[in-house]
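Note sheet for the following structure.
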Amino acid sequence: DSRSTPTQERSTLPTPAAKRLPDPAADLPDTPIAQASARTGPYKSKTLTTWLAFVVGSAGLHRFYRYGLGDRWGWLHPWPTLLGLWGVHRIDAYGVDDPLSWLLVPVLGLMLAGTMLQAIVYGLTPDEKWDARHNPGATPRASGWPAIIAVILALMAGAIALMATIAYSGEHFFEYQLEEAHKMSQ
């Protein structure tokens with residue numbers, strides 16, 4: 001008889017040790033947000049993330065705190081920052097007229113402005129949305145004033161960095177244009 005009873009079907013199934021269940025996280029896209037939502041690790045504080053982005057964001061430490069050392073974007077943060085710092089060093093060594101520093105220093109300014117923007121976005125994310133994305137299943141916690149203070153400071157520092165970058169780049173661009181025009185006229 002080709003029919004079998006439920007007990008006979010169960011006996012022909014592989015044992016739990018031999019049968020591997022699919023990993024539910026394997027079907028998720030390889031993005032930091034998806035990885036964070038699948039994670040059930042330690043609580044990720046919005047306030048600490050905001051302060052890390054404000055204080056050491058250009059080194060990528062806020063990304064490592066949120067997503068771990070495997071975060072590709074976190075590892076990309078230090079390189080433009082180091083290039084910009086090299087430009088500042090070249091200004092100290094060769095003076096303000098060093099053409100390579102004209103290109104490198106704005107990279108530092110843009111990195112600082114960008115990480116200040118990240119701190120602002122983190123700090124202004126509603127607590128419920130933050131906890132749903134980074135702390136699924138955890139008891140929601142209010143971030144309070146420390147996150148807002150970091151946002152205010154990040155807004156000030158980011159505005160200063162961006163305005164200084166634009167002014168520095170514009171000044172050196174127009175100086176270069178004037179030098180070239182002067183050379184052509186002689």
Side-chain angles (χ1 to χ4, degrees), residues 21-92 101 103-169:
L21 296 175
D23 181 14
D27 296 331
L28 292 174
D30 189 24
T31 63
I33 293 173
Q35 292 169 357
S37 64
R39 184 179 340 150
T40 57
Y43 185 83
K44 301 296 181 191
S45 168
K46 180 177 101 169
T47 303
L48 181 57
T49 304
T50 304
W51 277 99
L52 283 172
F54 172 63
V55 176
V56 288
S58 60
L61 295 183
H62 62 291
R63 303 269 321 170
F64 297 138
Y65 170 70
R66 287 176 55 210
Y67 304 117
L69 292 176
D71 182 51
R72 292 180 206 130
W73 288 107
W75 287 109
L76 291 177
H77 274 68
W79 300 111
T81 303
L82 291 173
L83 281 174
L85 290 173
W86 182 42
V88 171
H89 173 71
R90 288 185 62 90
I91 287 175
D92 287 340
S101 67
L103 297 173
L104 296 176
V105 170
V107 173
L108 176 63
L110 292 175
M111 273 307 292
L112 291 174
T115 55
M116 294 305 110
L117 178 61
Q118 289 176 341
I120 293 167
V121 169
Y122 298 152
L124 294 180
T125 301
D127 292 335
E128 298 80 24
K129 185 176 178 181
W130 178 270
D131 285 332
R133 180 176 291 166
H134 299 287
N135 303 309
T139 305
R141 300 180 191 176
S143 56
W145 280 102
I148 299 302
I149 292 169
V151 166
I152 293 168
L153 294 173
L155 180 61
M156 291 183 342
I160 290 169
L162 187 58
M163 286 187 289
T165 300
I166 292 170
Y168 181 84
S169 299

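The two residues Val121 and Thr125 make their nearest non-hydrogen contact at O-OG1, 2.6 Å. Between Arg90 and Ser101, the shortest heavy-atom contact is CB-CB, 4.2 Å. Minimum interatomic distance between Ala53 and Met116 (heavy atoms only, all atoms of both residues): O-CE, 3.7 Å. Minimum interatomic distance between Tyr67 and His134 (heavy atoms only, all atoms of both residues): OH-CE1, 3.8 Å.
With values rounded to the nearest 0.5 angstrom, Thr165 atom OG1 is found 7.5 Å from Leu112 atom CG. Ile148 CD1 to Ser143 OG: the interatomic distance, rounded to the nearest 0.5 Å, is 6.0 Å. For the atom pair Phe54 CZ and Ile149 CD1, the distance stands at 11.0 Å (nearest 0.5 Å). Between the CZ atom of Arg133 and the CD atom of Glu128 there is a distance of 13.0 Å, given to the nearest 0.5 Å.
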- prompt: Going through the checks in order, is the side chain to side chain contact (heavy atoms under 4.5 Å, CB included) test met by Val88 and Val105?
  reply: CA-CA 6 Å; Val88 171; Val105 170; 4.1 Å; yes
query: Between Tyr43 and Asp131, is a side chain to side chain contact (heavy atoms under 4.5 Å, CB included) present by the stated rule, with each step listed?
result: CA-CA 9 Å; Tyr43 185 83; Asp131 285 332; 2.9 Å; yes
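Judged by distance alone, with hydrogens and angles left aside, the side-chain atoms of Trp130 form a donor-acceptor pair with the main-chain N or O of Lys44 at under 3.5 Å.
Partners of Tyr168 under the side-chain hydrogen bond (donor to acceptor under 3.5 Å, both in side chains) rule, at least two apart in sequence or in another chain, do not exist in this structure. Under the rule for a ring-ring contact (aromatic ring centres under 6.0 Å, His included), the partners of His62 that lie at least two apart in sequence or sit in another chain are His77, Tyr122. Under the ring-ring contact (aromatic ring centres under 6.0 Å, His included) criterion, Trp75 pairs with Phe64, not counting sequence neighbours. Among residues two or more places apart in sequence or in another chain, the side-chain contact (heavy atoms from CB on, under 4.5 Å) test is passed with Leu162 by Leu110, Ala113, Ile166. Applying the side-chain contact (heavy atoms from CB on, under 4.5 Å) criterion to Val151, with sequence neighbours excluded, gives Thr50, Ile120, Leu124. Every side-chain contact (heavy atoms from CB on, under 4.5 Å) that Ala59 has, sequence neighbours left out, goes to Leu61. Residues passing the side-chain contact (heavy atoms from CB on, under 4.5 Å) test with Pro146, sequence neighbours excluded: Thr47, Trp51.
Of the options Asp71, Leu52, Thr49, a side-chain contact (heavy atoms from CB on, under 4.5 Å) to Arg66 is made by Thr49 and by none of the others.
Counting only residues at least two apart or on different chains, no salt bridge (Lys or Arg N to Asp or Glu O under 4.0 Å) pair has a member in residues 78-88. Sorted by first then second residue, the salt bridge (Lys or Arg N to Asp or Glu O under 4.0 Å) pairs that include residues 108-127, not counting sequence neighbours, are Lys46-Asp127. Counting only residues at least two apart or in different chains, side chain to side chain donor-acceptor pair (under 3.5 Å) contacts with residues 79-89 are absent.
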